[in-house]
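Structure, as structure tokens:
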2 protein chains.
Amino acid sequence: MSGSCDFFLADCPGRLAVELIADKWTVVVLAGLSAGPVRHGELVELIGGISRKVLTQTLRRLESHGLVRRQAYAEAPPRVEYELTPLGATLIEPIHVLTEWAREHGDAVLDAVSTQPVARHG
Amino acid sequence: MSGSCDFFLADCPGRLAVELIADKWTVVVLAGLSAGPVRHGELVELIGGISRKVLTQTLRRLESHGLVRRQAYAEAPPRVEYELTPLGATLIEPIHVLTEWAREHGDAVLDAVSTQPVARHG
DNA sequence: CCGTATCCCCTCCGATACTG
DNA sequence: CAGTATCGGAGGGGATACGG
């Protein structure tokens, strides 16, 4: 215990990380950007299920946190590309670990959910 | 597409992981349980800021996903302990990586946030 | 093509009070 | 001490339509 905060409780930096990724799309968007610059519309197609509004919101937040860089080109058909900043790229590793976990244990979770007839209480 | 899904887009298992942790408290609660069995009240004190109701909600969900085990003792002053299941313990590693990231890059994020007077657009 | 505004639902989460 | 019920606020996020 003590205040070591090996694992974040209270106001440790870990809380910041949670606040960053604790929503439906942030991690997915970051993953979508992990391979290189992508256009807005491409991301919508790539991710699937996210609305343009929410995608923009998510990107804006990531941009303001220094994780994503926005590049707009003044062309005839407007073109905007988003890419990870060096800082943003450092988040890919933790996300990758999470993905690995899901690939390995995802079935077990789904199994627990379906095998869950417990409903204590009575 | 195929099912390559090196990084989760669409319905890859990674999405499951996101849905699991994409809320304000899940990761924090898991972290709080990482050191061993803990009582309900202890968790409230330990975490700080979470209400008993929300803690219970979170624990219930984790229980139904097979990540947490609940142990109730029929004693004079009721005592209930929660602990990670073996499956739940496997999630500590990814969380730890995330914590490490925060410890290392948290300042950079906070810096970006404060250095962010941009407000493009007007 | 990119972005924003509006409307609306729905879930998360906190505060309080009450039962076992 | 543990848990539930209830209320209520706040905000995320989807659908749509419109502007640059």
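Just so you know, these numbers use all the heavy atoms, side chains as well, and skip hydrogens, waters and symmetry mates. Throughout, protein chains are lettered first and strands after them, A, B, ... in sequence-line order, and every chain is numbered starting at 1.
At the heavy-atom level, B:Tyr82 lies under 4.0 Å from the strands shown only through sugar-phosphate atoms. At the heavy-atom level, A:Lys53 lies under 4.0 Å from base atoms of the strands shown. B:Pro78 comes within 4.0 angstrom of a base, heavy atoms only. At a threshold of 4.0 angstrom between heavy atoms, the contacts of A:Arg39 are confined to the sugar-phosphate backbone, with no base atom among them.
Here C:dG14 presents its C1' atom at 15 Å from CG of B:Asp23, a figure rounded to the nearest Å. C:dG3 atom C1' lies 7 Å from atom NE2 of A:His40, rounded to whole Å. Here the P atom of nucleotide C:dG14 and the CD1 atom of B:Ile47 are 11 Å apart, to the nearest Å. Between A:Ile50 atom CD1 and D:dT16 atom P there is a gap of 17 Å when expressed in whole angstrom units. Computed from coordinates, the A:Glu63 CD to C:dC2 C1' distance equals 14 Å when rounded to whole Å. Straight-line distance from the CZ atom of A:Arg52 to the C1' atom of D:dG14: 12 Å, rounded to whole Å. Between the CG atom of A:Leu55 and the C1' atom of C:dT4 there is a distance of 13 Å, rounded to whole Å. Per the geometry, CG belonging to A:Leu59 stands 12 Å off C1' belonging to C:dC2, to the nearest Å.
Interatomic distance, B:His105 NE2 to A:Leu16 CG, rounded to the nearest 0.5 Å: 12.0 Å.
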Kindly indicate, with the supporting measurements, whether the criterion side-chain contact (heavy atoms from CB on, under 4.5 Å) is fulfilled by A:Leu43 and A:Leu33. CA-CA 8 Å; A:Leu43 271 175; A:Leu33 293 173; 3.9 Å; yes

side-chain contact (heavy atoms from CB on, under 4.5 Å), that's the test. Do A:Ile21 and B:Leu98 meet it? Break it down for me. CA-CA 10 Å; A:Ile21 68 167; B:Leu98 197 62; 3.5 Å; yes

If you apply the rule side-chain contact (heavy atoms from CB on, under 4.5 Å), what do you find for B:Val29 with B:Ile47, and how did you get there? CA-CA 7 Å; B:Val29 169; B:Ile47 292 175; 3.8 Å; yes

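Heavy-atom distances to DNA chain D give each of A:Arg61 and B:Thr56 a nearest nucleotide, and the one nearer the 5′ end belongs to B:Thr56. Comparing A:Pro77 and A:Gln57 by the nucleotide of DNA chain C that holds the closest heavy atom to each, the one mapping nearer the 5' end is A:Pro77.
Sorted by first and then second residue, the salt bridge (charged side-chain N to carboxylate O under 4.0 Å, His left out) pairs with a member in residues 18-44 of chain A read A:Asp23-A:Arg61; sequence neighbours excluded.
Contact between the side-chain N/O atoms of B:Lys24 and the OP1/OP2 oxygens of C:dT11 is not found at any separation under 4.0 Å. Dashed line: the shortest gap from a side-chain N or O of B:Trp25 to OP1 or OP2 of C:dT11 is not under 4.0 Å. Not one side-chain nitrogen or oxygen of A:Arg70 sits closer than 4.0 Å to the OP1 or OP2 atom of C:dC2.
Taking every side-chain heavy atom of A:Val54 into account, D:dG13 is the closest of D:dG13, C:dG14, D:dT4.
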